[in-house]
Amino acid sequence: MASIFTKIINGDIPCYKIAEDENYFAFLDINPMAKGHTLVVPKSEVDYIFDLDEEVYSGLMKFAKKVGRAIEKVIPCNRIGLLVFGLEVPHAHVHLIPINAASDMDISKDKLALKKEEFVEIADKILESFESMT
Ligand code: 5GP
């Protein structure tokens with residue numbers, strides 16, 4: 001069965017899209033740890049990130065870097081934190097989280113409750129920033 005992220009990539013489930021190329025896709029996390037919290041996924045569906053083949057793994061990191069650069073241009077933050085868990089969704093992905101302190105990476109903290117308009121505004125800004133870089 002297709003993962004929830006494959007359904008998002010295929011447009012069967014809506015998302016706040018940030019960026020896409022032939023092999024990778026980025027969209028806002030629906031339960032964000034910070035404004036601009038983004039997930040970057042390979043289009044090929046593999047559960048564990050270390051099971052990705054070398055080319056897909058390095059391509060994912062390269063794409064995540066580009067997306068991270070786009071995020072930091074529009075979301076005020078000290079830097080972009082990068083996390084990998086994969087405990088909830090069995091489709092390899094990287095979390096990009098705008099942070100100001102190490103505590104901003106604490107996954108046990110309450111997530112932000114953003115309104116739809118806020119998600120749309122954030123996604124539009126990052127998407128525009130990403131497109132201006134390519
Ligand atoms: P992980 O697998 O890395 O432990 O966590 C999965 C992440 O995906 C969580 O941060 C969760 O909020 C996010 N997530 C789960 N389902 C959806 C969804 O349907 N849409 C979006 N945008 N994010 C999701």
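Please read these numbers as outputs of a predicted model, since none were measured by experiment. If you read the sequence from its start, that first residue is 1, and numbering goes on from there. We count ligands from 1, going down the list as the structure has it; atoms in each ligand are counted the same way.
- The contact shell of ligand 1, taken as protein residues with any non-hydrogen atom closer than 4.0 angstrom, comprises I4, F5, I8, F27, L28, D29, I30, N31, L39, F85, G86, L87, E88, V89, H93, H95.
- Taking the ring centroids of F5 and F25, they lie at or beyond the 6.0 Å cut-off.
- Without hydrogens or angle criteria, E45 side chain to T6 main chain gives no donor-acceptor distance under 3.5 Å.
- In terms of modelled atom types and a separation under 3.5 Å, the side chain of K109 and the main chain of M105 share no donor-acceptor contact.
- In terms of modelled atom types and a separation under 3.5 Å, the side chain of S129 and the main chain of K125 share no donor-acceptor contact.
- For F130 and F63, the ring centers sit closer than 6.0 Å to each other.
- Under a 3.5 Å cut-off, the side chain of N10 and the backbone N or O of D12 do not form any donor-acceptor pair.
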